[in-house]
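As a basis for the values below, the full set of heavy atoms in this structure was taken, side chains included, without hydrogen atoms, waters or symmetry mates.
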Amino acid sequence: HPGIRVTKVDWQRSRNGAAHHTQEYPCPELVVRRGQSFSLTLELSRAPDCEETFIFMVETGPRASEALHTKAVFQTSELELGKGWTAAKEAQMENTLTVSLASPPNAVIGRYLLSIRLSSHRKHSNRRLGEFVLLFNPWCTEDDVFLASEEERQEYVLNDSGIIFRGVEKHIRAQGWNYGQFEEDILNICLSILDRSPGHQNNPAIDVSCRHDPIYITRVISAMVNSNNDRGVVQGQWQGKYGGGTSPLHWRGSVAILQKWLKGRYKPVKYGQCWVFAGVMCTVLRCLGIATRVVSNFNSAHDTDQSLSVDKYVDSFGRTLEDLTEDSMWNFHVWNESWFARQDLGPSYNGWQVLDATPQEESEGVFRCGPASVTAIREGDVHLAHDGPFVFAEVNADYITWLWHEDESRERVYSNTKKIGRCISTKAVGSDSRVDITDLYKYPEGSQKERQVYSKAVKLLFSVKASGRRTWIRRAGGRCLWHDDLLEPATKPSITGKFKLLEPPMLGHDLRLALCLANLTSRVQQVRVNLSGATILYTRKPVAEILHESHAVRLGRQEEKRIPITISYSKYKEDLTEDKKILLAAMCLVTKGEKLLVEKDITLEDFITIKVLGPAMVGVAVTVEVTVVNPLLERVKDCVLMVEGSGFLQEQLSIDVPTLEPQERASVQFDITPSKSGPRQLQVDLVSPHFPDIKGFVIIHVATAK
């Protein structure tokens, strides 16, 4: 018999792509999911004899070996047998043979090389058939990442755009984000993130062999999306100065960031803040096949010392003393949840797992966080891997305000400050509305169950020894403190105070509000009110003071009084950050030494609307009309619209806006041609050197061409 050769391979991309939900990946090689069979058709130089079988070999990573499960050798059989890789003949016509190959549901994911030889040939006569990429499979019941609901798989694995919630608890704003996991090069970049990790650089063969495990992969990605310990993807910056890079609020999605990281030869991209890290991590994990969503926590604690309390030090005007305040409460913080089984913890901790790529605290010497089981957080099981104490504190810590005196003594101050861990939010499945998932993280506030969970977490976090009336607490880190001053609540003063907006706070306008004070007693009270205001970042870090004044107020019995406050635009315009946020504080010093701190976080509002004029169809141009308003009381020129959207544009589009008169409303029209069908997100931002970006997005339903 002459030797038999494979003369051509048909990877059946459209059939396999449809079966594996991978048809959207644009890469030249086949992309399939583990635990599921895929078909190949081989053209042979002659018809094989019936006793001839084919032996296949798959290999991934350097120094692939069967011992590490990074290599498998298997042959065609009529039956699909065994737990490993299998091959079965599907059909044979003369000299073409169709075979079905299947990987086990716990196979290592990544790029594989496939080779073949005939059983009658020498061992080393393998012919390379080519490469394919194997991903996690949320459609496969045996895969650790299996997710039962098809609607959820469509949203959390296949949706290439989404919404990130920002703002403040009382005024939550939606921002569009282009995940773009199916854009050019993104899959390759996601695989190269794994290859750039320190674990891979140190021991590539072992690192690749661990890539069957979503716990391992997500922990690696959580470290690699920030640049703190490695040449990771994004460099964080929370000082409000973004020279030499892009302001975090200018990004509209992950694609430009990931492509820039690749083009810059893996130099960290400047700059990111929490939603940027979360947006990028969502892209990477969806791309690799793990169901992932972006979650926002309002009034989020950053507890640096695992004390379960955020201690904020202020002066007599309520201004944050930054050199004393290590902990912080951010207006919001954004992280990810991914869905997979916890083989390390047991089935009751399966499901959503918190992952946070924002570099806040080190975990085992590296800036990363998670996976922490959401169930474990809700039940107070903070001892379970990974990083439970930090995540538990983010949603459960106490916010404590201390007045710092010049003699370096401190005093608890009663504050109206909101509770930590409010309105935990994510995008709804199949729509752009907000879903509140706070009850997945904690029991109802004030319930008996909530108190039980809290004390269980405290016991696990600290070893508590009673010593007389005081409780001596030994920190996990060995630092000790008297805990009684934390346990004693600040005395509730005999007056109340609240800031009230007199008109909506609009960007470019003066701010008008009032501090409303009420005397709860039937005696006259003298109150010294020290007011301060500052532009802030979303971390509540002050940037510049814009208000500093003091009032003496006499409150009659049960009397209510309003102190009007105006902050002119000229006062805040120079120091307003891209976050468009202002923090007001009133330290009220009442007779008899009572103290009350009133705070209010304000986000300035703006205006943009996006309309699609006519039905949207693949391959047919459609007109988009964007209406904007100049927020300022002065003429502005040099404004542009920045437009982005997967399935609409190959790259960002920039459209000049004509000069705008003070507070002028103007409409700009442009055409886009959709390239993909289904619900698609189009983002349009008004960008100007004179004011922070005004961001908008719209979901457009694109029909397939008739």
- prompt: Between the side chain of Asn630 and the main-chain N/O of Glu634, is any donor-acceptor distance below 3.5 Å?
  reply: yes

- request: Measure the CH2-CD1 distance between Trp352 and Ile377 for me, rounded to the nearest 0.5 Å.
  value: 16.0 Å

- prompt: Is it true that a side-chain atom of Arg451 and a backbone atom of Gly446 form a donor plus acceptor pair closer than 3.5 Å?
  reply: yes

task: Give the minimum heavy-atom separation between Ser550 and Arg528, together with the two atoms involved.
output: OG-NH1, 3.0 Å

query: Using a distance-only test with no angle check, is there a side-chain donor-acceptor pair under 3.5 angstrom linking Glu379 and Tyr443?
result: yes

query: Between the side chains of Asp398 and Tyr454, does any donor sit under 3.5 Å from an acceptor?
result: yes

message: Just by distance, no angles: are the side chains of Thr521 and Ser494 close enough, under 3.5 Å, to form a donor-acceptor pair?
response: no

message: Is it the case that atom NZ in Lys561 sees more than 12 heavy atoms from other parts of the structure closer than 6.0 Å?
response: yes

- prompt: Does Trp402 have Arg410 sitting over its ring (NZ/CZ under 6.0 Å from centre, angle to axis within 45°)?
  reply: yes

field: Pair Glu450 + Lys442, salt bridge at N-O below 4.0 Å
entry: no

- prompt: Hey, is the main chain of Gly162 close enough, under 3.5 Å, to the side chain of Gln681 for a donor-acceptor pair?
  reply: yes

- request: Answer yes if the side chains of Asn178 and Ser161 hold a donor-acceptor pair under 3.5 Å, and no otherwise.
  value: no

- prompt: Under 6.0 Å between ring centres, would you say that holds for Phe390 and His302?
  reply: yes

field: Distance in Å, Asn299 CG paired with Cys423 SG, rounded so as to fall on 0.5 Å steps
entry: 8.0 Å

- prompt: Does Thr325 reach the main-chain N or O of Tyr313 with its side chain, forming a donor-acceptor pair under 3.5 Å?
  reply: yes

field: Test item: Arg562 and Leu502 side chains (from C-beta on) under 4.5 Å apart, heavy atoms
entry: yes

- prompt: Hey, does the Lys NZ or Arg CZ of Arg422 hover above the aromatic six-ring of Phe332, less than 6.0 Å from the centre and inside 45° of the axis?
  reply: no

Shortest non-hydrogen separation from Asp303 to Leu308 and the atoms involved: OD2-N, 2.8 Å

Over-ring placement of Arg166 relative to Tyr538, 6.0 Å and 45° cut-offs: no

task: Among residues two or more places apart or on two chains, list those pairs meeting ring pair (Phe, Tyr, Trp, His ring centres under 6.0 Å) that have a residue in residues 560-582.
output: Tyr569-Tyr572

query: In Å, rounded to the nearest 0.5 Å, how long is the span from CG of Leu537 to NZ of Lys581?
result: 10.5 Å

- request: Sequence neighbours left out, what passes side-chain hydrogen bond (donor to acceptor under 3.5 Å, both in side chains) with Arg434? Give chain and number order.
  value: Ser425

task: Go through the steps to decide whether Glu337 and Ile437 satisfy the test side chain to side chain contact (heavy atoms under 4.5 Å, CB included), and finish with yes or no.
output: CA-CA 12 Å; Glu337 288 176 358; Ile437 55 168; 3.7 Å; yes

- prompt: Does one side chain, of Glu503 or His509, offer a donor that lies under 3.5 Å from an acceptor on the other?
  reply: no

- prompt: Which residues satisfy the side-chain hydrogen bond (donor to acceptor under 3.5 Å, both in side chains) test with Glu661, sequence neighbours excluded?
  reply: Arg635

Donor-acceptor under 3.5 Å (Arg557 side chain, Ser522 main chain): yes

message: For a 4.5 angstrom cut-off between non-hydrogen side-chain atoms, does Leu596 reach Ile495?
response: yes

query: Will you find, in the side chains of His333 and Asp356, an N or O donor that is under 3.5 Å from an N or O acceptor?
result: yes

message: To the nearest 0.5 Å, what is the distance between CD1 on Ile608 and CG on Asp685?
response: 6.5 Å

field: Asn226 side-chain N/O to Phe277 backbone N/O, donor-acceptor pair under 3.5 Å
entry: no

Derivation of the salt bridge (charged side-chain N to carboxylate O under 4.0 Å, His left out) call for Asp381 and Lys456: CA-CA 8 Å; Asp381 296 325; Lys456 175 186 187 180; 2.8 Å; yes

message: Do Trp404 and Leu324 make a side-chain contact, defined as non-hydrogen atoms from C-beta onward lying under 4.5 Å apart?
response: yes

field: Glu545 vs Arg319, salt bridge (charged side-chain N to carboxylate O under 4.0 Å, His left out): CA-CA, chis, key distance, verdict
entry: CA-CA 9 Å; Glu545 190 166 68; Arg319 295 174 293 196; 3.0 Å; yes

- prompt: Are any side-chain N or O atoms of Tyr441 and backbone N or O atoms of Asn297, one a donor and one an acceptor, separated by less than 3.5 Å?
  reply: no

query: Between CG of Leu633 and NZ of Lys573, what distance do you get to the nearest 0.5 Å?
result: 9.5 Å

query: Does Leu584 reach the side chain of Leu513, with side-chain heavy atoms less than 4.5 Å apart?
result: yes

message: If the threshold is 4.0 Å, N to carboxylate O, is there a salt bridge linking Lys312 and Glu599?
response: yes

- request: Determine yes or no for a side-chain-to-main-chain donor-acceptor pair under 3.5 angstrom, with Ser688 supplying the side chain and His690 the backbone.
  value: yes

- line: Separation between OG1 (Thr535) and NZ (Lys580), nearest 0.5 Å, reads 14.0 Å

field: Exercise: do Ser568 and Asp510 side chains pair donor with acceptor under 3.5 Å
entry: no

query: If you draw the axis of the six-membered ring of Trp330, does the NZ or CZ of Arg540 fall within 45° of it and under 6.0 Å from the ring centre?
result: no

- request: Taking Ser431 for its side chain and Ala428 for its backbone only, find out whether a donor-acceptor pair lies under 3.5 Å.
  value: no

task: List the steps and the verdict of side chain to side chain contact (heavy atoms under 4.5 Å, CB included) for Asp579 and Ile536.
output: CA-CA 8 Å; Asp579 296 284; Ile536 54 167; over 6 Å; no

Pairwise side-chain contact, Gln235 with Gln237, heavy-atom cut-off 4.5 Å (strictly under): no

field: Lys595 side chain near Tyr414 side chain, heavy-atom distance below 4.5 Å
entry: no

query: Is there side-chain contact between Val524 and Leu555, with heavy atoms separated by less than 4.5 Å?
result: no

field: Donor-acceptor contact below 3.5 Å, side chain Asp693 vs main chain Lys695
entry: no

field: Check: Asp315 and Leu321 side chains under 4.5 Å, non-hydrogen atoms
entry: yes

